Amino acid sequence: MDNLVSVIIPIYNVEKYLSECLNSVIQQTYKNLEIILIDDGSTDSSSDIAKEFVLQDKRIKLFMQENGGQSKARNFGIQQAQGDFLIFVDSDDYIQNFHIEELMDVIKENEHLKVVMCKFTKETTDLTAKKSNDYSIFSNSFVKMINYLYKSSYPAMSPTCKLYCRELFKEVYFHEGIIYEDGLFAYEILDQITEIGLLNSKSYYYRTAENSTLTSKISVKNFDVLKKNELLKEFFIKKYPEEMDHFYQKALNLNDSIAVKCIQDRGDLAKSLLKKIYSQNKLYSKNNFPRKLLYSNSLFYKTFLYAMSTIYSESKTGEDTMLKKIIGKVVK
């Protein structure tokens, strides 16, 4: 019998998209599924829609909790999961009907793998039309693997688009109470493996919602990036002290991408966050001469950010990852 796969779907105020998401999951060609829905205190009709699907498909389990954030909902889903493998799907996205099957096929052919990753798209016309068996296996050290994935077209830091072996979650969890938690989670998962399956298939549709962290105006939550950086810094000090340059480079790139959005926002919160990012960047760039020079003067830094904002706007990609790549190329 096929291995049981647990599909974990946090839900919060997604009445507009939830049916499309859940239909895409229950219609999977891979049938041995446990579908775990966690309603995170929705105030719209999302929970009612979820309840209707519970009546339609006995594989679906619905749990209700007070609003505690996406990380808390995902962690609860992990605790409830009985599957040999886990998959995360965001409730405003959807997957092609062969998504889980094609990921599991890679595992069946390579039983030693603990993680298989595919690609995503934001364009419905760009979705892979049929199941793919076009994959490769990348094997390397922790930092080299991360650098490779960062430069690739695969969503390295997202928990979605991946099939995980259950044993990876013995000590790894999503950090609750902050946004930008995906990056922390990804590093902690990749720390446990030396190779990863890379499936060349865009079978995951990623929707950029209006209230997305990446598209909305600067809010108090965006200040969490500073906390996230400090948590990841502690991880590197403990596990990979010889690779601190890697941490600082990635943290500075992330900070600068958010600083560009602060420049675009121009509100009081954005100005306050920009000051804090500038202070953290000065601290993180002490041993990096090019970056240290960039943060030596706040006016010079703002000029750089305005330039990056113009380049980003003209690129018309709408992708946060593109902004970080632009910054990474301009400032090494």
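Bear in mind the structure is a predicted one, so any value in this text is a computation, not a measurement.
Checked by atom type, the side-chain pair Asp245/Asn288 shows no donor-acceptor distance below 3.5 Å. Inspection of the Glu102 and Ser201 side chains reveals an N or O donor paired with an N or O acceptor under 3.5 Å. Side-chain contact, Thr43 with Asn13: a donor N or O sits under 3.5 Å from an acceptor N or O. In this model, a donor atom of one side chain and an acceptor atom of the other lie less than 3.5 Å apart for Asn253 and Arg291. Residues Asn3 and Tyr30 have side chains that never bring a donor and an acceptor to within less than 3.5 angstrom of each other. Defined by atom type and a distance below 3.5 Å, a donor-acceptor pair is present between the side-chain atoms of Thr29 and Glu101. Ser309 and Gln264 share a side-chain donor-acceptor pair at under 3.5 Å. For the residue pair Asn229/Tyr284, the side-chain donor-acceptor check at 3.5 Å is not satisfied. No donor-acceptor contact under 3.5 angstrom links the side chains of Asn32 and Asp2, judged on distance only.
Between Leu149 and Leu198 the shortest side-chain heavy-atom distance falls below 4.5 Å. Between Asp105 and Lys131, the closest side-chain pair of non-hydrogen atoms falls below 4.5 Å.
With sequence neighbours excluded, no residue satisfies ring pair (Phe, Tyr, Trp, His ring centres under 6.0 Å) with Phe53. Among residues two or more places apart in sequence or in another chain, the salt bridge (Lys or Arg N to Asp or Glu O under 4.0 Å) test is passed with Asp126 by Lys202. Evaluation of the salt bridge (Lys or Arg N to Asp or Glu O under 4.0 Å) rule for Lys276 yields no partner, not counting sequence neighbours. In terms of the salt bridge (Lys or Arg N to Asp or Glu O under 4.0 Å) criterion, residue partners of Asp57 (sequence neighbours excluded) are, by chain and number, Arg59. Taking the ring pair (Phe, Tyr, Trp, His ring centres under 6.0 Å) definition, one finds that Phe76 meets it with Phe63, sequence neighbours left out. By the salt bridge (Lys or Arg N to Asp or Glu O under 4.0 Å) test, Lys119 pairs with no residue at all, sequence neighbours left out. For Tyr306, there are no ring pair (Phe, Tyr, Trp, His ring centres under 6.0 Å) partners, not counting sequence neighbours.
Sorted by first and then second residue, the pairs that involve residues 222-241 and meet salt bridge (charged side-chain N to carboxylate O under 4.0 Å, His left out), not counting sequence neighbours, are Asp191-Lys239. Listed by first and then second residue, the ring-ring contact (aromatic ring centres under 6.0 Å, His included) pairs involving residues 252-278 are Tyr278-Tyr301 (not counting sequence neighbours). Applying the salt bridge (charged side-chain N to carboxylate O under 4.0 Å, His left out) test to residues at least two apart or on different chains, the pairs with a partner in residues 24-44 are Glu34-Lys61.
Phe236 and Phe247 have tilted rings, their planes meeting at an angle from 30° to 60° on a 0 to 90° scale. Tyr150 and His246 have perpendicular rings, their planes meeting at more than 60° on a 0 to 90° scale where under 30° would count as parallel.
Under 4.0 Å is where a charged nitrogen must lie from a carboxylate oxygen, and between Asp93 and Arg207 no such pair does.
Other residues sharing the hydrophobic cluster of Tyr173, ordered by chain and number and joined by side-chain separations under 4.5 Å: none, the residue standing alone. Through direct or indirect side-chain contacts shorter than 4.5 Å among Ile, Leu, Val, Met, Phe, Trp and Tyr, Tyr205 is connected to Tyr94, Leu127.
When atom types are taken as modelled, the side chain of Asp134 and the backbone of Asn200 share no donor-acceptor pair closer than 3.5 angstrom.
In this structure, Phe120 has its ring center under 6.0 Å from that of Tyr206. Close placement of the Phe142 and Tyr240 rings is indicated, their centers lying within 6.0 Å of each other. Checked against the 6.0 Å centroid threshold, Phe88 and Phe174 count as a close aromatic pair.
Residue Ala81 comes nearest to Ser6 through the heavy atom pair CB-OG, 3.5 Å, listed as atom of the first residue, atom of the second, then distance.
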